[in-house]
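Below: one structure, written as structure tokens.
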Amino acid sequence: MEADKAGFFKATQQLAEEYVKERLLLLKLQTAEKTARLFAVVFAAFIFGFLSFFVLLFLSLMAVFYIAGLTGSIYYGLGIMTAFYSLLLFLCIYFRRQWLYKFFSDLVVRLFFENTEITNGKQKS
């Protein structure tokens, strides 16, 4: 009887150790997947931002030359576009917490908890 108990506890201990190892492996794999997804989103955003920068640069140059043609002075064209971008910069600085921080924090949370639904206070995978 005593040998049966020892064998039972030994087998249960081995199963528990195996379970913990498998759960740690699953956690590592999930973390790697979510980190890779986050890196892919950041890289895609960088590429999109880089290309958008050049589009905005050339559109701004077109606007400068158009305004310069209307006003007759390249300095007025450059000054008006500089004032426009300065206003845009100050708006971004003023609303950064409401727009940018919230957007990026929500994006990261959405990426990490993409497959998880929360219903009635309980998580459901």
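Note that the coordinates shown come from a computational prediction; the quantities given were computed from them, not determined experimentally.
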Examine L38 and F103 and state if one hydrophobic cluster contains both, with Ile, Leu, Val, Met, Phe, Trp and Tyr joined whenever side-chain heavy atoms are less than 4.5 Å apart. yes
Tell me who clusters with L88, hydrophobic residues only, linked when side chains sit under 4.5 Å apart either directly or through other members. L56, V64, F65, I67, I74, Y75, L78, I80, M81, F84, Y85
So, taking the atom named CG in L26 and the one named OG1 in T31, what distance separates them when rounded to the nearest 0.5 Å? 9.0 Å
Could you tell me the separation between the OG atom of S52 and the CG atom of L59, rounded to the nearest 0.5 Å? 10.5 Å
Please say whether more than 12 non-hydrogen atoms of neighbouring residues, nucleotides or ligands are located less than 6.0 Å from CZ in F95. yes
Tell me whether L51 is reachable from F43 by hopping between hydrophobic residues (I, L, V, M, F, W, Y) whose side-chain heavy atoms are closer than 4.5 Å. yes
Hey, could you give me the NZ/CG distance between K21 and L25, rounded to the nearest 0.5 Å? 11.5 Å
Does the separation of the ring centres of F50 and F54 fall below 6.0 angstrom? yes
Is any side-chain heavy atom of S86 less than 4.5 Å from a side-chain heavy atom of T82? yes
To the nearest 0.5 angstrom, please state how far the CZ atom of F53 sits from the CZ atom of F58. 9.0 Å
Give a yes or no on whether E17 atom CD has more than 12 heavy-atom contacts from other residues, nucleotides or ligands under 6.0 Å away. yes
